[in-house]
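Chain letters run A, B, ... following the sequence lines, proteins first, then strands; residues in each count from 1.
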Amino acid sequence: MSNENINVNTYREQRIRNLNALAEMGYEPFGSAFERTGRLAEIRAGFEEGRAVRAAGRLTAIRAMGKSIFADLRDGSGRFQIYLSRKDLPEEAFKAFSLLDLGDTIGVAGRLFVTRMGEQSLHVDEWTLLTKAILQPPEKFHGLVDTEERYRKRYLDLVANPEVRARFDTRIAILREIRAFLTARGFQEVETPMLQPQAGGAAARPFITHYNALDCEMFMRIAPELYLKRLLVGGFDKIFEMNRNFRNEGLDRTHNPEFTVLEVYEAYGDRTTMKRIIEEMLPHICRTVLGTMVVESSETGERIDFTPPYREVAYGDLVREAMGDDWFDLDAAAARASAEAAGVAIDPAWDHLLITHEVYDKLIEKRLRQPTFVTRVPRAFIPLAKACADDPSLADVFEFVVAGKELCPGYTEQNDPFEQRKAFEAQAGEEKEKIDEDFITALEHGMPPAGGLGLGIDRLVMLLTGTEAIRDVILFPQLKMREP
RNA sequence: GGGAGCGUAGCUCAGUUGGUUAGAGCAGCUGACUCUUAAUCAGCGGGUCGUGGGUUCGAGUCCCUCCGCUCCUACCA
């Protein structure tokens, strides 16, 4: 700690001097429990002039005027103004208050009153030090703006920027309401391994680690799906898991290596069972958390309406609508020409199926702004779902798309062990050892027919809070290591 | 992976064509002030200009390396 900290140290030293002075006066710089009448928001809610209350919080502003002092106290629930008057406090208690710095945490006791300016406030009769801060808080008006500091020192971001705290409060409420919704409908929340001998259930590069006791490679899970289905075999028939997945992939505005996913499974159900859950759960979240069915998109300012029912449309119909009725009769060369004419770059090696998928991805999905279930998707991309009864080339699934992005797939789950093995083999190609034999064995014991869905929680929170970067809905997003 | 931009006081930001002693607001210190709320007023202190090198009589400014951040793009369900 040499050069760059010289100036930091002068601020620290000043505050440490204040700390020592307070300690000499009998204040405990890192105090103990303090009994409060309630949190600041609760005190405001129960405001009654003259009522005696005890409150605590961090000092975020001090406005001193000689013989009277106003200050702002902040806790996890909000802000409240306190008032100290020289004539109502012991001489020493009033003097000691001037040794406090912004960022210190104090406890106060007094009575409620309304200032001449009409603000509900607390007239302090006594105060005590709870925690001395020896480092400076961020600037009070602009808050903490520097993006790197905001993520690396999220605790400062949360203190300095109330709208950041509010966004995470919303995230927490969304998770709470998802659990409440599913629990009220008889679903049980289960926990399955994060550390797996094979990383299955999705196509993604996993994080690899080593388990010393067994001297073997282990993988951080990329999805919980195969374990949740084992539980269906085991007789759990309405389950969900909402927790972290890990994928060893790029880092950008919409990807974090660890992210939160909700998976729901219901035995004896299918794709349409899952569709009903989405059509009831999203309105429930909107109603209880946001108080409105209409959400404004941060990127475009467009309004997205979550009032059910949502549009349902077949993948093939969307493609025909965009590319012409004869699209599926074209050969690959003609399809490629048509796609490129529409502005979609196509690899010459791709077959008709891949070209169609690229057109859907780059052109069609973006245009689906309001909540939409896209059904009857080519099965080649979806190894874990059943085929449509009337067309074995299509999977009996939906992809739920909002604001031009896929938010949540829902499947009629594959429970045929022979079909499942075929799909795994097609996907694995050369790497046969990657097939999860233990999972196939479980299917051979009999998994009831079931519907399942997987909802990306971070992206849902982004959508519902009008946030453009995944980093702004994850408390501690992944950053590059910084040299010490 | 490719492209563009950024990094100046604890925090938020200025800094002209390369020019002599790098500025402001907040925060801090001293003083005044009994209803303020971005309190106000007067004064004072605070900088290895991300790092290392180069060009130059002279670099915050121009060039290169590295570190970090942001955006675009590619990859990635």
Student: Between B:rG60 and B:rC69, how far apart are the two P atoms, rounded to whole Å?
Tutor: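 Approximately 26 Å lies between the P atom of B:rG60 and that of B:rC69.
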Student: Are any non-hydrogen side-chain atoms of A:F246 and A:F219 less than 4.5 angstrom apart?
Tutor: no
Student: Considering only atom C1', compute the distance from B:rU61 to B:rG23 and round it to an integer number of Å.
Tutor: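 It works out to 15 Å between them.
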Student: For residues A:Y227 and A:F439, establish whether the separation of their ring centroids is below 6.0 Å.
Tutor: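 No - the distance between ring centres of A:Y227 and A:F439 does not fall below the 6.0 Å cut-off.
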Student: Provide the Watson-Crick or G-U wobble partner of B:rC6, both distances under 3.5 Å; none if there is no partner.
Tutor: B:rG68
Student: Quick check: any donor-acceptor pair below 3.5 Å linking the side-chain of A:H255 to the base of B:rC76?
Tutor: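 By the distance-only test, yes, there is a pair.
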Student: Look at the side chain of A:Q81 against the base of B:rU36 and say whether a donor-acceptor pair falls under 3.5 Å; ignore hydrogens and angles.
Tutor: yes
Student: Using a heavy-atom cut-off of 4.0 Å across all strands, would you classify A:F381 as base, sugar-phosphate, or nothing?
Tutor: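 Here A:F381 touches no strand at all.
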Student: Categorize A:G454 for me: base, sugar-phosphate, or nothing, with a 4.0 angstrom heavy-atom threshold over every strand shown.
Tutor: nothing
Student: Say you pick atom P in B:rG52 and the same atom in B:rA59; how far apart are they, in whole Å?
Tutor: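 Per the computed distance, 15 Å lies between those P atoms.
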Student: Under a 3.5 Å cut-off for both contacts, is B:rG19 paired Watson-Crick or G-U wobble with anything, and if yes, with which nucleotide?
Tutor: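 By the stated definition (distances under 3.5 Å), B:rC57 pairs with B:rG19.
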Student: Looking at A:E217 and A:T209, would you say the former's side chain and the latter's main chain have a donor-acceptor pair under 3.5 Å?
Tutor: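 No, the answer is negative, given that no donor and acceptor are paired below the 3.5 Å cut-off.
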Student: Verify the stacking flag for A:F141 against B:rA38: centroid separation must be under 5.5 angstrom and the ring planes must differ by under 30 degrees.
Tutor: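 Whether judged by distance or by angle, A:F141 passes, so it stacks on the base of B:rA38.
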Student: Using a heavy-atom cut-off of 4.0 Å across all strands, would you classify A:H357 as base, sugar-phosphate, or nothing?
Tutor: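 The answer is base, as A:H357 lies within the cut-off (heavy atoms under 4.0 Å) of a base atom.
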Student: Parallel, tilted or perpendicular: which one describes the rings of A:Y360 and A:Y315, with boundaries at 30° and 60°?
Tutor: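 If you compare the ring of A:Y360 with that of A:Y315, the planes turn out tilted.
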Student: In whole angstrom, give me the gap between the C1' atoms of B:rG5 and B:rA42.
Tutor: 43 Å
Student: Have a look at A:E365 and say if it touches a base, only the backbone sugar-phosphate, or nothing, with a 4.0 Å heavy-atom cut-off.
Tutor: nothing
Student: Taking the C1' atom of each, how far is B:rG18 from B:rU56, in whole Å?
Tutor: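 Straight-line distance between the two C1' atoms is 9 Å.
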Student: If we take the C1' atom in both B:rC29 and B:rU21, what is their distance in whole Å?
Tutor: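 Comparing C1' positions in B:rC29 and B:rU21 gives a spacing of 23 Å.
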Student: What's A:A160 touching, base or sugar-phosphate or nothing? Going by heavy atoms closer than 4.0 Å.
Tutor: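 A:A160: no heavy atom of the nucleic acid under 4.0 Å.
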Student: Select base, sugar-phosphate, or nothing to describe what A:I69 touches, counting heavy atoms under 4.0 Å on all strands.
Tutor: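 Since no nucleic acid heavy atom lies under 4.0 Å of A:I69, the category is nothing.
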Student: Is A:D252 touching bases, backbone alone, or none of the nucleic acid, heavy atoms closer than 4.0 Å?
Tutor: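 The answer is base, as A:D252 lies within the cut-off (heavy atoms under 4.0 Å) of a base atom.
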Student: Mind checking if A:A203 touches a base, just sugar-phosphate, or nothing, with heavy atoms under 4.0 Å?
Tutor: sugar-phosphate
Student: Any base atoms under 4.0 Å from A:T115, or only sugar-phosphate, or nothing? Heavy atoms, all strands.
Tutor: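 Base, at least one base atom sits under 4.0 Å.
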Student: I'd like the P distance from B:rC44 over to B:rC49, given in whole Å.
Tutor: 25 Å
Student: Could you tell me whether the side chain of A:I285 reaches within less than 4.5 Å of the side chain of A:F306, counting heavy atoms only?
Tutor: no
